[in-house]
Amino acid sequence: MQTEATIQPRDPLSGIEIGSLDPETVYLLPTAWNDDGRHAYMGADAILLKQATANGVDVAYAMPEEDREFVEHFSSGVELVTLAVAIVGLIPSTIQGIHALIQLAARRKGIKDEDLNKAEVKLKIDYLRTPTTKARGVEISGDVDGVVSIMERLSGES
């Protein structure tokens, strides 16, 4: 049974410039900070990106290699799949890519395949600024099916 997912506006992550934008690519945003307070990726993000790429997902790091840093933070508690991505727009290929990333991240947290669509997700999406659009962000929370449903609904509004 699908639970109700929620959506709310949020400020897009600032300070990250993506060189050449590809509308088909999902850009993985950092969700942590290093000791100096700069954006950093979680160590698990490297594995997630490698697995996604091996599975044919068009995904790339948002930060250039020379600025990329990885950190580890450990916590216990609710198994919540948290993901932050940047896209040019929600189109079928980016929705499929984000869905695949959510499923891979859920599996890495030990969620079984039969429970994947019931996994609780907090998804942050930054719409990147292009010559014809302005940067904006949304946060979608709910189970996987609900999050995907909202992304599909938003894609009709883009």
Side-chain angles (χ1 to χ4, degrees), residues 5-91 93-111 116 119-144 146-148 150-151 154 158:
T6 60
I7 182 170
Q8 52 191 342
R10 70 177 203 86
D11 291 331
L13 192 63
S14 63
I16 296 181
E17 295 288 325
I18 299 174
S20 59
L21 295 177
D22 180 348
E24 303 278 327
T25 300
V26 176
Y27 297 94
L28 190 62
L29 290 170
T31 56
W33 290 265
N34 67 10
D35 291 338
D36 297 329
R38 293 186 319 195
H39 298 295
Y41 289 97
M42 297 293 291
D45 291 338
I47 298 166
L48 177 65
L49 193 118
K50 285 179 184 179
Q51 286 179 325
T53 302
N55 289 344
V57 178
D58 191 355
V59 61
Y61 291 109
M63 294 179 72
E65 187 173 8
E66 62 272 9
D67 295 337
R68 234 176 274 152
E69 185 175 344
F70 294 86
V71 298
E72 289 297 334
H73 296 283
F74 300 98
S75 65
S76 61
V78 178
E79 286 300 326
L80 179 69
V81 177
T82 303
L83 191 63
V85 298
I87 54 172
V88 174
L90 275 171
I91 58 176
S93 61
T94 57
I95 292 171
Q96 290 169 358
I98 294 168
H99 188 190
L101 286 171
I102 291 169
Q103 289 180 321
L104 286 168
R107 283 187 188 105
R108 292 211 36 83
K109 288 190 170 285
I111 297 171
L116 281 180
E120 287 299 309
V121 177
K122 181 186 282 185
L123 172 66
K124 296 177 181 180
I125 301 175
D126 285 3
Y127 291 88
L128 299 168
R129 186 178 58 79
T130 68
T132 59
T133 63
K134 67 177 196 163
R136 66 188 199 284
V138 296
E139 182 176 303
I140 307 170
S141 299
D143 66 15
V144 175
V147 168
V148 170
I150 285 181
M151 286 192 297
L154 288 174
S158 298

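Heads up: numbering here begins at 1 and tracks the sequence. This is a predicted model, so every value here is computed, not measured.
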For A44, side-chain contact (heavy atoms from CB on, under 4.5 Å) partners two or more places apart: none
Set of residues satisfying side-chain hydrogen bond (donor to acceptor under 3.5 Å, both in side chains) with respect to S141, sequence neighbours excluded: none
Residue pairs fulfilling side-chain hydrogen bond (donor to acceptor under 3.5 Å, both in side chains) with at least one residue in residues 96-107, sequence neighbours excluded: H99-Q103, R107-D113
Evaluate the side-chain proximity of D58 to T94: yes if any heavy-atom separation is below 4.5 Å, no if none is. no
Sorted by chain and residue number, the side-chain hydrogen bond (donor to acceptor under 3.5 Å, both in side chains) partners of D22 (sequence neighbours excluded) come out as T25
Partners meeting side-chain contact (heavy atoms from CB on, under 4.5 Å) with K50 (sequence neighbours left out): none
A5 and V147: which non-hydrogen atoms are nearest, and at how many Å? CB-N, 3.9 Å
Contact summary for T53 and V59, nearest pair of heavy atoms: OG1-CG1, 3.9 Å
Under the side-chain contact (heavy atoms from CB on, under 4.5 Å) rule, what do E120 and D143 come out as? Steps first, then yes or no, please. CA-CA 4 Å; E120 287 299 309; D143 66 15; 3.9 Å; yes
Just to verify, what does S93 make a side-chain hydrogen bond (donor to acceptor under 3.5 Å, both in side chains) with, not counting sequence neighbours? E24
Any idea which heavy atoms bring L49 and A60 closest together, and the distance? CD1-C, 3.7 Å
Starting at CD1 of I95, measure out to CG of L154 and round the result to the nearest 0.5 Å. 8.5 Å
Residue of the set V148, I98, V144 for which side chain to side chain contact (heavy atoms under 4.5 Å, CB included) holds with V121: V144
Once rounded to the nearest 0.5 Å, what's the spacing between atom CD1 of I7 and atom CD1 of I140? 4.5 Å
The criterion is ring-ring contact (aromatic ring centres under 6.0 Å, His included); which residues satisfy it with Y27, sequence neighbours excluded? none
Hey, could you give me the CD1/CD1 distance between I87 and I125, rounded to the nearest 0.5 Å? 5.0 Å
Contacts of R10 meeting side-chain hydrogen bond (donor to acceptor under 3.5 Å, both in side chains) (sequence neighbours excluded), chain-then-number -> D126
Can you tell me how far apart NE2 (H39) and CG (L29) are? Round to the nearest 0.5 Å. 9.0 Å
Where Y127 and L90 come nearest, the two heavy atoms and their spacing: OH-CD1, 3.1 Å
Which residue pairs pass the salt bridge (Lys or Arg N to Asp or Glu O under 4.0 Å) test when at least one of the two sits in residues 32-45, sequence neighbours left out? R38-E69
Verify, without hydrogens or angle tests, whether R68 (side chain) and M63 (backbone) share a donor-acceptor contact under 3.5 angstrom. yes
Would you indicate whether E65, at its atom CD, is surrounded by more than 12 heavy atoms from other residues, nucleotides or ligands within a distance under 6.0 Å? no
Mind checking what makes side-chain contact (heavy atoms from CB on, under 4.5 Å) contact with P23, not counting sequence neighbours? V88
Please enumerate all residues that pass side-chain contact (heavy atoms from CB on, under 4.5 Å) together with A105, with sequence neighbours excluded. L48, V81
Could you check whether the rings of F70 and Y61 sit parallel, tilted or perpendicular, using 30° and 60° as the cut-offs? perpendicular
State, to 0.1 Å, how close V57 and A100 come at their nearest heavy-atom pair, and which atoms those are. CG2-CB, 3.6 Å
Taking atom CG of L116 and atom CD1 of I102, what is their separation to the nearest 0.5 Å? 10.5 Å
Heavy-atom closest contact (K122 atom, L80 atom, distance): N-CD1, 4.0 Å
To the nearest 0.5 angstrom, please state how far the OG1 atom of T82 sits from the CD atom of E139. 9.0 Å
